[in-house]
Amino acid sequence: MQSSIEINNNTKIVGVIGHPIKHTLSPIMHNYAYKNLNLDYVYLPFDISSIGLHDSLKGMVALGIRGFNVTIPHKERIMEYMDELSDSAKIVGAVNTVVNDNGTLIGYNTDVNGIIKTLEEFKKNIRGKTVSVLGAGGAARSVIYTLINHFKVKKINIINRTVEKAESLKDYFSSKMLFEKIKTYELIPPDVTEILAKSKLIINASSIGMSPDSDDSPTTILESFNKNQIVFDIVYNPQKTKFLALAEEQGALTINGLKMFVEQGAKSFELWTNEMMPTNQILELLSEKDNI
Ligand code: NAP
């Protein structure tokens with residue numbers, strides 16, 4: 001393991017705000033990269049409740065913090081405090097990275113970059129196809145935006161426990177991106193088996209199966225999966241979720257959420273430092289840290 005970072009008078013501070021924040025792998029990833037590239041930065045976790053969000057942003061500007069990642073539950077509400085927003089953050093409706101440009105707070109959505117980098121090698125297989133997305137929270141928004149904008153899919157099924165949330169996403173993307181080919185379903189596994197089986201790509205964008213609930217899966221019905229499919233779980237802890245294990249058993253090509261996690265972090269890193277994160281080394285480092 002590397003030795004600790006040496007803090008001095010010039011060290012720039014970046015970090016992540018969220019609640020809870022205990023389980024985040026972001027400090028390990030970013031601090032490893034700073035050390036590796038000999039950059040004078042330190043990345044810290046800040047546990048910020050919803051009530052303290054606005055004050056904490058004022059404090060960060062006052063302290064000259066260079067930027068921060070934003071995680072659950074602040075990704076959507078933080079938008080109102082941004083001075084500027086990137087195009088994708090504006091359309092997705094969520095910010096996961098903030099740059100403090102001498103007091104001007106600029107909000108970005110680098111989850112979109114993580115999704116693009118993860119699925120890029122399958123672009124030709126996905127284009128013009130039907131995709132099912134499980135979940136209708138903040139991550140699902142980034143996924144749906146990217147599927148429409150970058151991967152040019154034909155049709156999207158949004159499947160969620162609370163079907164009203166899926167419907168509200170359908171209305172949102174139909175008005176923001178003029179994409180009309182969205183269907184919504186309640187997550188009742190036997191009812192959606194055929195919908196899933198007919199999808200070229202299935203993405204779990206819900207938190208089902210995330211540690212410590214790693215025995216859960218959005219569906220356990222094996223007929224949902226087949227060998228012609230790509231199945232992507234954006235959950236990265238554990239790296240092989242039950243959902244991915246079942247899909248793999250049926251011969252589907254499976255992808256876990258670790259690359260997305262590293263690539264969203266790499267884009268944030270680049271926005272703060274103008275340097276490239278050593279993503280391959282970090283993927284290797286984090287692959288060894290399953291089930292934290
Ligand atoms: P969120 O906004 O809180 O949404 C959570 C989603 O999961 C909702 O659709 C929710 O359904 C569903 N859900 C949660 N528990 C459930 C349960 N027990 N049964 C059925 N549905 C359930 O969270 P998020 O920001 O979208 O994040 C979702 C997951 O993505 C998290 O695990 C997060 O760690 C992961 N993520 C990974 C990356 C990456 O880089 N790999 C990036 C971002 C997020 P309801 O609408 O019915 O509540």
Side-chain angles (χ1 to χ4, degrees), residues 16-26 28-30 50 69-79 89 92-97 108-119 132-146 157-170 172 184-189 191-192 203-220 232-244 254-269 277 279 282-283 286-287 289-292:
V16 53
I17 61 169
H19 182 75
I21 203 76
K22 256 202 328 244
H23 292 291
T24 177
L25 287 178
S26 292
I28 295 176
M29 167 163 75
H30 285 272
S50 295
N69 285 126
V70 184
T71 186
I72 295 171
H74 306 311
K75 283 185 177 184
E76 284 146 42
R77 198 160 74 80
I78 200 164
M79 291 181 67
V92 171
V95 160
N96 80 324
T97 303
Y108 295 86
N109 188 308
T110 71
D111 282 338
V112 168
N113 301 77
I115 297 159
I116 291 176
K117 289 270 188 179
T118 303
L119 293 177
S132 287
V133 177
L134 295 147
R141 276 173 177 275
S142 303
V143 164
I144 294 164
Y145 165 81
T146 312
N157 303 310
I158 309 178
I159 303 167
N160 196 44
R161 172 177 63 182
T162 314
V163 75
E164 293 77 14
K165 281 207 209 161
E167 279 157 13
S168 119
L169 278 197
K170 173 184 160 151
Y172 181 86
T184 58
Y185 301 88
E186 188 177 344
L187 178 53
I188 302 172
D191 294 1
V192 295
I203 303 180
N204 177 32
S206 78
S207 37
I208 307 171
M210 186 167 80
S211 179
D213 299 317
S214 43
D215 283 338
D216 293 348
S217 170
T219 180
T220 51
F232 171 30
D233 197 334
I234 75 164
V235 170
Y236 56 86
N237 183 20
Q239 287 169 34
K240 190 188 275 188
T241 57
K242 184 167 181 180
F243 180 68
L244 284 189
T254 58
I255 308 165
N256 71 23
L258 200 57
K259 186 171 166 83
M260 173 181 167
F261 174 71
V262 173
E263 293 292 351
Q264 62 76 31
K267 187 65 195 174
S268 308
F269 186 92
M277 185 184 255
T279 48
I282 289 178
L283 259 174
L286 296 184
S287 302
K289 291 198 174 294
D290 205 5
N291 262 325
I292 54 148

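Whatever order the structure lists ligands and atoms in, that order sets their numbers, starting from 1.
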Less than 4.5 Å apart, any side-chain heavy atom of Ile255 and any of Leu119? yes
Side chains of Met29 and Val262: does their closest heavy-atom pair fall under 4.5 Å? yes
Scanning both residues in full, the closest heavy-atom pair of Asn160 with Ala136 reads OD1-N, 3.4 Å
May I have the step-by-step check of side-chain contact (heavy atoms from CB on, under 4.5 Å) for Phe261 and Leu286, ending in yes or no? CA-CA 10 Å; Phe261 174 71; Leu286 296 184; 3.8 Å; yes
Contacts of Asp233 meeting salt bridge (charged side-chain N to carboxylate O under 4.0 Å, His left out) (sequence neighbours excluded), chain-then-number -> none
Can you tell me if Asn69 uses its side chain to pair, donor with acceptor, with the backbone of Asn96 under 3.5 Å? yes
What residues come within 4.0 Å of ligand 1, counting heavy atoms only? Ile72, Lys75, Asp111, Gly135, Ala136, Gly137, Gly138, Ala139, Asn160, Arg161, Thr162, Lys165, Ala205, Ser206, Ser207, Ile208, Met210, Ile234, Val235, Tyr236, Gly257, Met260, Phe261, Gln264
